[in-house]
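Worksheet: one structure, shown below.
One-based numbering along the sequence shown. One-based numbering, in listed order, for ligands and for the atoms of each. Scope of the values below: all heavy atoms of this structure, side chains included, with no hydrogens, waters or symmetry mates.
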Amino acid sequence: MLTSDTDAYYSPGHVAQVVAQTVERSRLKSVIDSHCGRGALLDAVEKSFPKIHCAGIDLDGNAISHLRKIRPHWTLVRGDSLAWTAWERIHRKLGGSVDVAVLNPPFSMGQVKGVNIELEGRVLRGSLAMAHVITTIYHSNPTRVVAVLPESTMFSEMDRQGRAELERLYDVEVVAQFKSSTFRGARANSLLVGMTRRKRQRAASSVEKAHYMSLHNAIVRGGLPCFEAVSLRHGVPFVHSTDIKDLVRGEAKESLRTVRPFTRGIVNGHMILLPRVGVPNKANIGAWFTEDDVQLSDCVIALQYRSERIAHAAAVNLRRDYEALASLYRGTGARYVTVGRLSEWLTNARNTRTYAQL
Ligand SMILES: C[S@@+](CC[C@H](N)C(=O)[O-])C[C@H]1O[C@@H](n2cnc3c(N)ncnc32)[C@H](O)[C@@H]1O
């Protein structure tokens, strides 16, 4: 276990129902929830597909004992679904694969800044939720996955590698967005993500390309605090919020100080740079392109786009909706924006067409 919080934020009925509806498959034989809790998601799927065999894993012995009593026909394992041993017991009963995985994995990271996700011969870095999704996929090879995930798994720099891995194996789509108040006791913006296994996996190189394409509205938060930036002669150009004005006016990036790169907030391509702290000046909202990596300071956010045309169009739209954008910057002291607030605003119905359909 990585945190002391076991994330027992069970799915309410309406969430379980929409998860079951999103399964969308016929002739299903088996379904797994590798963090089944009290079985809300499996119950909803069984209701829609009465002949399906349900399997669940959970770390919480009480939840599993309870389910064994009320659902004796299910395959239930008490264990850590990030560990092999739990899956061996599932495989003994179900074989090597299942038709569907329905997931609402633990989100809480505590103070941990990412975990290692160990695949055959490779290690990715990502959030705890992403680690759970990828581990479940590797152990159960489902044709369809329906997962309730923290919003950041679809946008954050931390889960960039994990998203590329998912997109290599699955067609991934965000089906719905849940309010932060959806799960009793937790406050987290979450998404319902549907994934259908590809008939042919994408080659890693085309995944990178496709991933870049799908970064049309990726939001990258800079990572390097100014006071920790270490100058390095052949390092990476460092973009701080005070540089945005000059860069959008055409100043060459060679004028930037070069620093030792940090793990978070390295970007390239077409983007709009916004200050994270301090309301942006409308005149400084413009498209910017860099072929090579730059390191963003922790006071800068980049909205990435797949082409110059789209980045320019998005900048025009952001300037048009400047008042709404500015209102996202809040704070009792310095006003700041969060990636969550920005992404919610950018993906809400009114803005979907103008900013996200790129
Ligand atoms: C957010 S709840 C979701 C429960 C259920 N899927 C639902 O939607 O109602 C997360 C569940 O993950 C379980 N859990 C946390 N860490 C786990 C781990 N490493 N392996 C298996 N289950 C885990 C918790 O005990 C909890 O029941």
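Distances shorter than 4.0 angstrom occur between a heavy atom of His132 and an atom of ligand 1. Ligand 1 has at least one atom lying under 4.0 Å from a heavy atom of Cys36. The shortest heavy-atom distance from Gly79 to ligand 1 is under 4.0 Å. Within the 4.0 Å heavy-atom shell around ligand 1 one finds Asp58. Not a single heavy atom of Ala86 lies less than 4.0 angstrom from ligand 1.
Using a 4.0 Å cut-off to heavy atoms of Asp80, the atoms of ligand 1 that qualify are 18 (C), 19 (N), 20 (N). Near Gly37, meaning under 4.0 Å from any of its heavy atoms, are these atoms of ligand 1: 4 (C), 27 (O). For ligand 1, the atoms closer than 4.0 angstrom to any heavy atom of Tyr9 are 1 (C), 2 (S). Remark: ligand 1 atoms within the under-4.0 Å shell around heavy atoms of Asp60 are 25 (O). Below 4.0 Å from some heavy atom of Tyr10 lie the following atoms of ligand 1, by number and element: 4 (C), 9 (O), 27 (O). The distance from ligand 1 to the heavy atoms of Ala40 drops below 4.0 Å at these ligand atoms: 9 (O).
You'll find the side chain of Arg221 stays beyond 4.5 Å of the side chain of Val300, heavy atoms only. Counting heavy atoms from C-beta on, the side chains of Val148 and Val19 come closer than 4.5 Å.
Ring geometry for His240 versus Phe238: interplanar angle under 30°, hence parallel rather than tilted (30 to 60°). Using cut-offs of 30° and 60° on the angle between ring planes, the pair His139 and His91 is tilted.
On a distance-only criterion, Ile57 and ligand 1 share no N/O pair closer than 3.5 Å. Ligand 1 has a nitrogen or oxygen under 3.5 angstrom from a nitrogen or oxygen of Ser81.
Here Arg144 pairs with Glu24 under the salt bridge (charged side-chain N to carboxylate O under 4.0 Å, His left out) rule; sequence neighbours left out.
Ion pair Asp292/Lys253 flagged as a salt bridge, since at least one NZ, NE, NH1 or NH2 atom sits closer than 4.0 Å to an Asp/Glu carboxylate oxygen. Classification of Asp43 and Arg71 as a salt-bridged pair holds, one side-chain N sitting under 4.0 Å from a carboxylate O. Ion pairing between a basic and an acidic side chain is recognised when a charged N comes within 4.0 Å of a carboxylate O; Glu251 and Lys245 show no such pairing.
Annotation: the span from Asn284 atom CG to Arg319 atom CZ amounts to 10.5 Å, rounded to 0.5 Å.
With a heavy-atom cut-off of 4.0 Å, Asn104 touches ligand 1 through backbone and side chain alike. Only the side chain of Asp33 comes within 4.0 Å of ligand 1, counting heavy atoms alone; its backbone N, CA, C and O stay farther away.
The backbone N or O of Thr290 lies less than 3.5 Å from no partner atom in the side chain of Asn268, so there is not a single donor-acceptor pair.
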